[in-house]
Amino acid sequence: MKKTIITVVGKDTVGIIAKVCTYLAENGINILDISQTIVQGYFNMMMIVDTNAATKSFGDMANDLEALGRQIGVVIKCQKEEIFDMMHRI
């Protein structure tokens with residue numbers, strides 16, 4: 001299984017989750033875990049997704065999600081699980 005960590009941060013607006021999840025579904029990406037909070041009007045979401053059956057490369061997916069984030073007014077970042085784990089080791 002190829003896992004990717006996706007983070008979404010920005011001012012809360014209607015439809016953020018729907019737009020991100022629609023993109024993932026349309027590109028064969030399965031959501032394994034999702035957590036989201038809203039603190040004083042700021043939206044924060046972290047997802048762990050399985051990109052094994054993805055129809056696009058990791059780079060294309062990351063670029064598409066970054067562009068989607070700009071369209072909806074949030075910042076979307078993607079990191080491969082192994083890179084994320086190495087960066088956050090204690």
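When reading the values below, keep in mind they use all heavy atoms of this one structure, side chains included, and skip hydrogens, waters and symmetry mates.
Considering CD1 of I6 and NZ of K77, their distance stands at 13.0 Å, rounded to 0.5 Å. Between the CD1 atom in I34 and the CE atom in M47 there is a gap of 4.0 Å [rounded to 0.5 Å]. Note: N63 CG to I76 CD1 = 12.0 Å, rounded to the nearest 0.5 Å.
With a 4.5 Å cut-off on side-chain heavy atoms, M45 and V74 do not count as touching. Taking the side chain as every heavy atom from C-beta outward, I48 and I5 approach each other to under 4.5 Å. Between K11 and F43, every side-chain heavy-atom pair lies at or beyond the 4.5 Å cut-off. Counting only heavy atoms from C-beta outward, the side chains of I38 and Q36 approach each other to under 4.5 Å.
Contact detail for L68 and K19: the closest heavy-atom pair is CD2-O, 3.8 Å. The two residues M1 and L32 come nearest to each other via the heavy atoms SD-CD1, 3.5 Å. Across every non-hydrogen atom of N52 and D50, the tightest pair is N-OD1, 2.9 Å.
The main-chain N or O of K2 is found under 3.5 Å from a side-chain atom of T51 such that the two form a donor-acceptor pair.
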For residues 22-31, run the donor-acceptor check on the side chains, cut-off 3.5 Å, and write out each pair with its distance to 0.1 Å, sequence neighbours left out.
| unit_1 | atom_1 | unit_2 | atom_2 | d |
| --- | --- | --- | --- | --- |
| T22 | OG1 | A18 | O | 2.7 |
| Y23 | OH | D64 | OD2 | 2.8 |
| N27 | OD1 | T55 | OG1 | 3.3 |
| N27 | ND2 | Y23 | O | 2.8 |

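Tracing side-chain contacts under 4.5 Å through hydrophobic residues (I, L, V, M, F, W, Y), one reaches I17 starting from V20; they form part of the same cluster.
Other residues, nucleotides and ligands contribute over 12 non-hydrogen atoms within 6.0 Å of the CZ atom of F58.
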